[in-house]
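Keep in mind that this is a model prediction, so the values were computed, not measured.
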Amino acid sequence: NNKIMADFAELDTNNIVINTERVAADDCSTNNVIDEAKGVLFLNNIHSKNSVWKLYDRDMSENVNNAGRPLFRKNTAKIGGSYDTTRDAFIESKPYNSWTLNETTCSYRAPIDEPSYNNQFYQDNGTTAKYLINWDEDNQRWLATGSSNGSTYLWNAQNQTWSLLT
């Protein structure tokens, strides 16, 4: 059963995403085209309320559509995130005070770029494993836990390497 669905985010009075729902295209389309207003009426009718709902694409991330569809509202909607009416974009909640909003992607970025995908792996006794990486807000740096001994490593953004934190 491969029914076409549309995704909607329910917003509170501050445009914070409080709920997400999938709606069958039959309930929110006109002439086989998803109609946001029709979807909003459908959702408010079945829930007996008068909420603000916004259509979103669950495959949007950092202004890229991972399913190859047209770009739409920069990111997928996430509960606790927000909808920015000026940018017509969904934005995740800010993870740390030091992070800034990238206007192109409407995603937050650390002051130091996160290690690239290829730099998130290490060899452990002949097996490839992935570091557990987290941002250290107090010291403004990326840390990783890896290897079977649970050591902590510090990311050096200049030479793109991890070093043992001592």
Original post:
Can you tell me how far CD of Q140 sits from CD1 of I112, rounded to the nearest 0.5 angstrom?
Top reply: 7.0 Å
Original post:
According to a 4.5 Å side-chain heavy-atom criterion applied to Ile, Leu, Val, Met, Phe, Trp and Tyr, with indirect links allowed, do L154 and L164 form part of one hydrophobic cluster?
Top reply: no
Original post:
Can you name the nearest heavy-atom pair linking I133 to A144, along with the distance?
Top reply: CG1-CB, 4.1 Å
Original post:
Is there a donor-acceptor contact under 3.5 Å linking the side chains of S98 and E137?
Top reply: yes
Original post:
Is there side-chain contact between I79 and I18, with at least one heavy-atom pair below 4.5 Å?
Top reply: no
Original post:
Taking the side chain from D12 and the backbone from I16, do they hold a donor-acceptor pair closer than 3.5 Å?
Top reply: yes
Original post:
A110 and W142: which non-hydrogen atoms are nearest, and at how many Å?
Top reply: CB-CZ2, 3.7 Å
**OP:** Report whether M5 and V17 are members of the same hydrophobic cluster (ILVMFWY, side-chain heavy atoms less than 4.5 Å apart, transitive linking).
**Re:** no
Subject >> Check: N32/S29 side-chain N/O donor and acceptor closer than 3.5 Å >> reply: no
**OP:** Mind telling me whether H47 and W53 have parallel, tilted or perpendicular rings, with 30° and 60° as the class edges?
**Re:** parallel
Subject >> Pair D84-N15, side-chain donor/acceptor within less than 3.5 Å >> reply: no
**OP:** Can you measure from CD (E114) to CG (N134) and round to the nearest 0.5 angstrom?
**Re:** 10.0 Å
**OP:** Classify the angle between the aromatic ring planes of Y96 and W99 as parallel (below 30°), tilted (30 to 60°) or perpendicular (above 60°).
**Re:** tilted
Subject >> ILVMFWY network linking L11 to F8, side-chain heavy atoms under 4.5 angstrom >> reply: no
**OP:** Begin with the C-alpha distance, continue with both residues' side-chain angles, and end with the deciding distance and a verdict on side-chain contact (heavy atoms from CB on, under 4.5 Å) for L143 and W155.
**Re:** CA-CA 6 Å; L143 297 176; W155 177 245; over 6 Å; no
Original post:
Any side-chain donor paired with an acceptor under 3.5 Å for Q123 and T128?
Top reply: yes
Original post:
Just wondering, do D7 and L55 contact through their side chains at under 4.5 Å, heavy atoms?
Top reply: no
**OP:** For T105 and S107, indicate whether the former's side chain and the latter's backbone hold a donor-acceptor pair under 3.5 Å.
**Re:** yes
Original post:
How long is the gap from CZ on R58 to NZ on K78, to the nearest 0.5 Å?
Top reply: 12.0 Å
Original post:
Taking all atoms of both residues into account, what is the closest heavy-atom pair of C28 and G39, and its distance?
Top reply: CB-CA, 3.5 Å
Original post:
Looking only at heavy atoms, which two atoms of E21 and L43 are closest? And how far apart?
Top reply: OE1-CD2, 3.7 Å
Original post:
Can you check salt bridge (Lys or Arg N to Asp or Glu O under 4.0 Å) on E10 and K54, steps first, answer last?
Top reply: CA-CA 7 Å; E10 183 179 14; K54 289 289 180 183; over 6 Å; no
Original post:
To the nearest 0.5 Å, what is the distance between CG (D27) and CG (L41)?
Top reply: 12.0 Å
Original post:
What is the distance from atom OH of Y131 to atom OH of Y122, rounded to the nearest 0.5 Å?
Top reply: 7.5 Å
Original post:
Do we see a donor-acceptor contact under 3.5 Å between the side chains of T161 and N159?
Top reply: yes
**OP:** Compare every heavy atom of M60 with every heavy atom of P70, then report the nearest pair and how far apart it is.
**Re:** O-SD, 4.3 Å
Original post:
Just wondering, are more than 12 heavy atoms of other shown residues or ligands nearer than 6.0 Å to CG in D113?
Top reply: no
Original post:
So which heavy atom on Q120 is nearest to which on P115, and how close?
Top reply: NE2-O, 3.0 Å
Original post:
Under the 3.5 angstrom rule, does the side chain of R109 hit a backbone N or O of L101 as a donor-acceptor pair?
Top reply: no
Original post:
N75 and Y56: side-chain donor and acceptor closer than 3.5 Å?
Top reply: no
**OP:** Ignoring hydrogens and angles, tell me if any N or O in the side chain of N102 forms a donor-acceptor pair with the backbone of T104 under 3.5 Å.
**Re:** yes
**OP:** Any chance you could measure I91, atom CD1, to R73, atom CZ, to the nearest 0.5 Å?
**Re:** 12.5 Å
Subject >> Main-chain N/O of N65 paired to D59 side chain as donor or acceptor, under 3.5 Å >> reply: no
